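Worksheet: the structure to be examined is printed underneath.
Counting begins at 1 with the first residue of the sequence. Nothing here was measured: the structure is a model prediction, and the numbers come from that model.
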Amino acid sequence: NSQAEVLPSEPTALPSPTSQPTSNPRQYHVITSAQGFGNHWQARIHYWWYQRQRQLCQAQGQCDMGGFTRLLHSGEADDLMDEVPTVVVRPIPKEAIPGGDTSYVVLNRPYAFMQCYIVPKQYPDIVRSFIGNVSDAELAEVPQIGNSPTFISVRDFRKLAPVWYNTTMDIFKDDTAHK
């Protein structure tokens, strides 16, 4: 399975959330991936509007809108790092791309998300710093895709990430779809 060969060996830690941890079980964290000029300004606008809506939501009382993280899959920091909470992840290795053509940056998106898997029980001090002093049993129940609830189950996301990756690769390999 060539997929296993390109998976990163060490997960990337997400930054501190942009909101304080709460006891709200419905609170979610938005993660977006970005690379390149077009995504640069979109990420800036996306984050600005997210903050604005979250402020309005919080003014209404309990708000489900939690943190926001941009996954920058260029492998290098950029000038938006100080403005938008960002984690820099590695781009997909050239040897994982048929023909080694790295011009199709969309291939980096599923690979970026695959780098952010964590196993919370392997990092109990870090995870507890975000969610509080939970038992080991509760720690084992934290989804392995980050430090916040998601709209997809961990089991389904584990199934989805490789399909997403493979579909992206199939689109890249298809001459008509790649144009």
Side-chain angles (χ1 to χ4, degrees), residues 7-8 10-92 105-120 122-134 138-139 141-161 164-165 168:
L7 290 176
E10 289 295 320
T12 301
L14 290 175
S16 299
T18 56
S19 62
Q20 296 298 317
T22 70
S23 60
N24 180 356
R26 293 177 45 93
Q27 191 172 59
Y28 58 88
H29 190 106
V30 171
I31 302 175
T32 186
S33 69
Q35 178 181 348
F37 178 75
N39 290 118
H40 193 84
W41 72 268
Q42 288 175 349
R44 175 179 276 137
I45 292 169
H46 185 183
Y47 183 58
W48 185 89
W49 277 104
Y50 185 83
Q51 287 182 298
R52 182 169 184 246
Q53 290 304 120
R54 189 176 71 199
Q55 288 172 349
L56 293 171
C57 179
Q58 290 170 336
Q60 302 283 326
Q62 184 171 344
C63 179
D64 296 342
M65 297 175 77
F68 185 101
T69 301
R70 175 180 72 130
L71 290 180
L72 178 60
H73 47 73
S74 65
E76 298 175 7
D78 66 10
D79 62 331
L80 203 53
M81 301 276 297
D82 293 332
E83 186 177 336
V84 178
T86 301
V87 171
V88 177
V89 293
R90 293 178 304 277
I92 188 170
V105 297
V106 174
L107 293 175
N108 290 319
R109 292 179 184 157
Y111 189 73
F113 278 86
M114 289 168 34
Q115 291 178 64
C116 289
Y117 274 94
I118 66 167
V119 180
Q122 292 178 351
Y123 306 93
D125 294 337
I126 294 171
V127 174
R128 285 185 174 117
S129 73
F130 289 100
I131 65 171
N133 191 19
V134 298
E138 291 171 310
L139 187 65
E141 294 298 316
V142 175
Q144 296 183 13
I145 58 169
N147 59 357
S148 63
T150 64
F151 289 110
I152 186 170
S153 71
V154 172
R155 183 182 73 243
D156 289 345
F157 192 80
R158 282 187 184 140
K159 291 177 187 174
L160 174 64
W164 180 19
Y165 175 83
T168 305

Considering all heavy atoms of both residues, which atom of Y50 and which atom of V30 are nearest to each other, and what is their separation?
CE1-CG2, 3.4 Å

Restricting to non-hydrogen atoms, name the atom on I31 and the atom on F113 that form the minimum distance, rounded to 0.1 Å.
CG2-CE2, 3.6 Å

Pairwise distance CD(Q58) to CD(Q51) - rounded to 0.5 angstrom
10.0 Å

Holding to side chain to side chain donor-acceptor pair (under 3.5 Å), I want the full list of residues that pass it with Q55, two or more places apart in sequence or in another chain.
none

Where the side chain of S74 meets the backbone of L72, is there a donor-acceptor pair that is under 3.5 Å apart?
no

Any idea which heavy atoms bring R54 and M65 closest together, and the distance?
CD-O, 3.3 Å

Are Y165 and I92 close enough that some pair of their side-chain heavy atoms sits under 4.5 Å apart?
yes

Non-hydrogen atoms of G75 and V88 that approach each other most closely
C-CG1, 3.3 Å

Check side-chain contact (heavy atoms from CB on, under 4.5 Å) between P91 and all other residues, then give those that pass, not counting sequence neighbours.
N108

By side chain to side chain donor-acceptor pair (under 3.5 Å), which residues pair with D82, not counting sequence neighbours?
none

CZ-CZ distance between R44 and R70, expressed to the nearest 0.5 angstrom:
9.0 Å

Stepwise side chain to side chain contact (heavy atoms under 4.5 Å, CB included) check, V84 with H46
CA-CA 10 Å; V84 178; H46 185 183; over 6 Å; no

Return the OG1 to CZ distance between T32 and R109, rounded to the nearest 0.5 Å.
8.0 Å

Mind telling me whether F68 and Y47 have parallel, tilted or perpendicular rings, with 30° and 60° as the class edges?
tilted

